[in-house]
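Have a look at the structure below, then the notes.
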Amino acid sequence: MRSGVDAVSDQSLLLYNRAQLAARLEQLQEVNRQLAAQASAANELYRENADLRRLLNLPVPAGWSYAAAEIILRDPLLWNERFTINRGKQAGIAPGDAVLTVTPEGHPFLAGVIDRVGEHSADVITLYSPSLRISVLFPATGATGITNMGERHPTPGNIPVGYLPAQYRYTLHEVALSTGFEKNIPGGIKVGELSYVEEVPSRFSNALTLSGLLRPAAGFDSIRFVVVAKRSGEAR
């Protein structure tokens, strides 16, 4: 049956002249473009829906609450250093609140902190911003450090980390977590991994700390949604 329909269709094409065939082809190409655009929009909606589900299902530490937010503005010149979200004072957002991203598996990563807050929006500075300094813990060694400290300039995809106690032996790709020392940043959130550390000075050196580089765990190139961690009312 199908072969018969195809045969009739092929015979009908022979009745068209070259101009009519070109017009028919253009019509079909336009239909294909519309279908491709609809499929792309459907895929984008599916991806956004999956991202939001992961954010809403993120386990919340005791004494904290999460507010999901969408990034609405990014500076092309400071793409990875700051952005603006669509939540502000009316959603209980305050300066210093931690901003998290979530992996496809549902694991939270620290992306940055709230900088300035309006009624319905807020500016976020990320881990790549030189002005954001937070303490980090390397649980494998028990050592702590501070981001965006130290004399070494960052390389692409890395941020400086300093004040690393020289008596510890560090290994590359060591995980760095938030310490919880900062009032509005929950402890135990993955910040990144150690990508470089200075050599341990000789026993005759009087250096007490080392500097290194940290590769943030959060991906900033295509991030769309985030969650803001808020302390319980009495703890703020």
Side-chain angles (χ1 to χ4, degrees), residues 47-48 50-61 63-104 106-136 145-149 154 156-161 176-193 213-233 235-236:
R47 187 182 67 82
E48 291 181 4
D51 289 344
L52 287 172
R53 284 180 180 274
R54 285 194 293 270
L55 293 175
L56 295 175
N57 291 329
L58 188 65
V60 183
W64 297 82
S65 64
Y66 285 160
E70 182 179 3
I71 296 175
I72 57 175
L73 182 65
R74 298 183 77 158
D75 186 334
L77 298 179
L78 301 172
W79 188 263
N80 285 341
E81 291 188 17
R82 59 175 56 248
F83 51 78
T84 301
I85 60 174
N86 65 342
R87 292 295 190 100
K89 292 179 181 177
Q90 291 210 353
I93 307 298
D97 286 348
V99 178
L100 314 178
T101 64
V102 182
T103 69
H107 303 303
F109 291 159
L110 182 67
V113 301
I114 299 294
D115 184 22
R116 294 176 297 183
V117 184
E119 287 298 319
H120 304 285
S121 65
D123 292 336
V124 178
I125 53 174
T126 76
L127 295 171
Y128 284 108
S129 173
S131 61
L132 179 56
R133 295 178 175 177
I134 63 169
S135 58
V136 292
I146 301 177
T147 63
N148 290 308
M149 298 292 290
N158 294 269
I159 59 174
V161 58
L177 306 177
S178 59
T179 61
F181 293 160
E182 288 81 10
K183 177 182 177 182
N184 291 338
I185 302 179
I189 304 295
K190 186 174 181 179
V191 178
E193 296 181 357
L213 292 174
L214 196 67
R215 183 179 298 278
F220 295 91
D221 288 341
S222 58
I223 184 176
R224 177 75 179 276
F225 298 100
V226 295
V227 290
V228 181
K230 305 181 297 178
R231 276 190 174 275
S232 300
R236 274 194 180 270

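This chain uses plain numbering: 1 for the first residue, then up along the sequence.
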Taking all non-hydrogen atoms of both residues, which atom of Val226 and which atom of Ile71 are closest, and how far apart?
CG1-CD1, 4.5 Å

Check for a donor-acceptor pair, side chain of Arg231 on one end and backbone N or O of Asn184 on the other, with a separation under 3.5 Å.
no

If I compare all heavy atoms of Phe220 with all of Arg74, which pair ends up nearest, and what's the gap?
O-NH2, 2.6 Å

Non-neighbouring partners of Ser178 that pass side-chain hydrogen bond (donor to acceptor under 3.5 Å, both in side chains), sequence neighbours left out:
none

Would you say the side chain of Asp221 lies within less than 4.5 Å of the side chain of Asn80, judging by non-hydrogen atoms?
yes

Which heavy atom in Ser129 sits nearest to a heavy atom in Glu81, and how many Å separate them?
CB-O, 3.8 Å

What closest approach, in Å, do Ser135 and Glu182 show between heavy atoms, and which atom pair accounts for it?
N-OE2, 2.8 Å

Which heavy atom of Asn158 sits nearest a heavy atom of Arg215, and at what distance?
ND2-NH2, 3.6 Å

How long is the straight-line distance from CZ of Arg82 back to CG of Leu73, given to the nearest 0.5 Å?
10.5 Å

With a cut-off of 3.5 Å and sequence neighbours excluded, list every side-chain donor-acceptor pair involving residues 113-125.
residue	atom	partner	partner atom	Å
Arg116	NE	Asp123	OD2	3.3
Arg116	NH2	Asp123	OD2	3.1
Asp123	OD1	Thr84	OG1	2.9

To the nearest 0.5 Å, what is the distance between OG1 (Thr126) and CH2 (Trp79)?
12.5 Å

Can any side-chain N or O of Asn86 pair as donor or acceptor with the backbone N or O of Ile72 at less than 3.5 Å?
no

Enter the distance from Tyr66:OH to Leu100:CG here, rounded to the nearest 0.5 Å.
5.0 Å

Single hit among Val191, Ile159, Thr101 for side-chain contact (heavy atoms from CB on, under 4.5 Å) with Pro216
Ile159

So, for Thr179 and Val136, which heavy atoms are closest and what is the spacing to 0.1 Å?
CG2-C, 3.5 Å

Rounded to the nearest 0.5 Å, how far does CD1 of Ile185 lie from CD1 of Ile134?
5.0 Å

